[in-house]
Chemist: 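My structure is below; once you've seen it, I'll send some questions.
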Amino acid sequence: ASKSCPGDPITFYNPNMESAARTRLLLESEMRKALECGQFSLHYQPQVNASTGDVTRMEALCRWQHAEFGFIPPDEFIPIAEESGLIAMLGDWVLAQVCRQIRTWLSEGVNCQRVAVNVSALQFFKSDFVEKVANTLKFYGVDGSFIELELTESIIMSDVNENISRLKSLKELGITLAIDDFGTGYSSLSYLKHLPIDTLKIEKSFVSQIAENAPDLAIIEAILALANRLDFDVVAEGVEEPAQLAFLQAKGCDFYQGYLYSRPLPALQAATCFTPHKTRISACPAL
Ligand code: C2E
Ligand code: MG
Ligand code: MG
Ligand code: MG
């Protein structure tokens, strides 16, 4: 360890800074390798219909299991992927993998109707984003209606005019659009009526506070009332307790995700969560 001496120039050097930068660089190069070696995988979390209990939708969540470092959570690697530009490659892989999975599930007769995919700002703002999405859907033969793209408020608000045309092009592919972590941004609500958004996802920090925090409860009620009037679907994130679900159901929330029903699961296990297709009952009780 170095000791500072009187007369030494004052620096803001801090050994933690160096190690943070080194970790970041290391993760970046490891991520590059991981993308090539297939160390990333996707987990799927059911989105449960809050009134019927049916599961026909999932959210895809990226997982990185590193041979040496173990599990690295997306909140750690997504920002690095964004800073390094690797997010483009990762995002392409995620969408392709989701399309492949949808094909598999459909061929197995699984009642999968939609998979939500997270999109980061850098991905969305690439000039060829829409074209890439269209090509991927076409390549896998997946109709756009099977895909929901989850965007954040900051993406949507950053250049509303430019975004509208991009969002409309995505809608033309049949894709539905969700705002993730709704309520955490600083955006004006008026954009909601101008943009072709289908779904609002209530950020889990509001949901977790339902029992203890009156303002959070009020925010959820307001979001649900607004969504109802403007005809958005609402998905509540992070539902862990029966009381939270009961509240959301009472207020007309459409879908929920959370550990109460299921954690995000590998595809094989997630497949068992889908509600079977409704079979037609041919017997007619009136005759
Ligand atoms: P998000 O899209 O808002 O995803 C919700 C997060 O909440 C997920 O964390 C999920 O595992 C977690 N979660 C679900 N239910 C519960 C619950 O009941 N309690 C609690 N405490 N947490 C719950 P995860 O998988 O760690 O992902 C974190 C974030 O990383 C995501 O937030 C998303 O912003 C980002 N992310 C994940 N996969 C991708 C991806 O493929 N692409 C991009 N661009 N971002 C991704
Ligand atoms: Mg999400
Ligand atoms: Mg979210
Ligand atoms: Mg989140």
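Positions are given from 1, in the same order as the sequence printed here. First listed ligand is number 1; within each ligand, the first listed atom is number 1.
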Chemist: Take every heavy atom of E237, measure it against each atom of ligand 1, and state whether any distance is under 4.0 Å.
Modeler: yes
Chemist: Would you kindly specify which portion of N118 sits under 4.0 Å from ligand 1, judged on non-hydrogen atoms: side chain, backbone, both or neither?
Modeler: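 Answer for N118: both.
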Chemist: Looking at non-hydrogen atoms alone, which of R63, Q244, E240 comes nearest to atom 21 (N) of ligand 1?
Modeler: E240
Chemist: Which N, O or S atom name in E59 marks its closest approach to the Mg ion (ligand 2)?
Modeler: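 Closest to the Mg ion (ligand 2) among those atoms: OE2.
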Chemist: Using side-chain heavy atoms (C-beta onward) and a distance below 4.5 Å, is I164 in contact with K168?
Modeler: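 When only atoms from C-beta onward are counted, K168 and I164 do touch, with a gap below 4.5 Å.
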Chemist: Is the closest basic N to carboxylate O distance between K201 and E59 below 4.0 Å?
Modeler: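 Counted as a salt bridge, because a side-chain N and a carboxylate O are separated by less than 4.0 Å.
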Chemist: For E28, which residues count as a side chain to side chain contact (heavy atoms under 4.5 Å, CB included) partner, sequence neighbours excluded?
Modeler: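 Per chain and number, E28 pairs via side chain to side chain contact (heavy atoms under 4.5 Å, CB included) with R24, L25, R32, I80, S84, L86.
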Chemist: Against heavy atoms of D75, which atoms of ligand 1 measure under 4.0 Å?
Modeler: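 Close to D75: 28 (C), 29 (C), 30 (O).
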Chemist: Record the part of K204 in heavy-atom contact with ligand 1 below 4.0 Å; permitted values are side chain, backbone, both and neither.
Modeler: side chain
Chemist: Please determine whether any non-hydrogen atom of P73 lies less than 4.0 Å from an atom of ligand 1.
Modeler: no
Chemist: Is the Mg ion (ligand 3) less than 2.8 Å from at least one N/O/S atom of D180?
Modeler: yes
Chemist: Once side chain to side chain donor-acceptor pair (under 3.5 Å) is applied, do any residues pair with H66, and if so which ones, sequence neighbours excluded?
Modeler: E30
Chemist: With backbone taken as N, CA, C and O and side chain as the heavy atoms from C-beta onward, which portion of S120 lies under 4.0 Å from ligand 1: side chain, backbone, both, or neither?
Modeler: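 Looking at S120 and ligand 1, atoms from backbone and side chain both fall under 4.0 Å.
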Chemist: For a distance under 2.8 Å, tell me if E237 has an N/O/S atom near the Mg ion (ligand 2).
Modeler: no
Chemist: Using a 4.0 Å heavy-atom threshold (strictly under), name the region of Q45 that reaches ligand 1: side chain, backbone, both or neither.
Modeler: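 The side chain, only.
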Chemist: Which ligand 1 atoms, with their elements, are less than 4.0 angstrom from a heavy-atom of V94?
Modeler: 41 (O)
Chemist: Should the proximity of V117 to ligand 1, defined as any heavy atom under 4.0 Å, be assigned to the side chain, the backbone, both, or neither?
Modeler: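 For V117, there is no contact with ligand 1 at all, from either part.
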Chemist: Examine the proximity of ligand 1 to D180 and report which part, side chain or backbone, both or neither, has a heavy atom under 4.0 Å away.
Modeler: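 For D180, the contact with ligand 1 is made by the side chain alone.
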Chemist: Keeping the roles fixed (side chain from D143, backbone from G174), state whether a donor-acceptor pair exists under 3.5 Å.
Modeler: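 Checking the backbone N and O of G174 against the side chain of D143, no donor-acceptor pair under 3.5 Å is found.
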Chemist: Please confirm whether the ring centroid of F146 lies under 6.0 Å from the ring centroid of Y140.
Modeler: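 For F146 and Y140, the ring centres are not under 6.0 Å apart.
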Chemist: So which of L192, L230, D233 actually passes side-chain contact (heavy atoms from CB on, under 4.5 Å) with L200?
Modeler: L192
Chemist: Which of the numbered atoms in ligand 1 are under 4.0 angstrom from any heavy atom belonging to G258?
Modeler: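 What qualifies from ligand 1 is 15 (N), 18 (O).
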Chemist: Please find out if the Mg ion (ligand 2) and some N, O or S atom of D181 are separated by less than 2.8 Å.
Modeler: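 Coordinating: no.
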Chemist: Measure the distances from the heavy atoms of E59 to every atom of ligand 1 and state whether one is below 4.0 angstrom.
Modeler: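 Judged by the 4.0 Å heavy-atom criterion, E59 does count as contacting ligand 1.
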Chemist: For the residue pair Y44 and W105, is the inter-centroid distance of their aromatic rings smaller than 6.0 Å?
Modeler: yes
Chemist: When you check the side-chain N and O atoms of T199 and E148, is any donor under 3.5 Å from an acceptor?
Modeler: yes
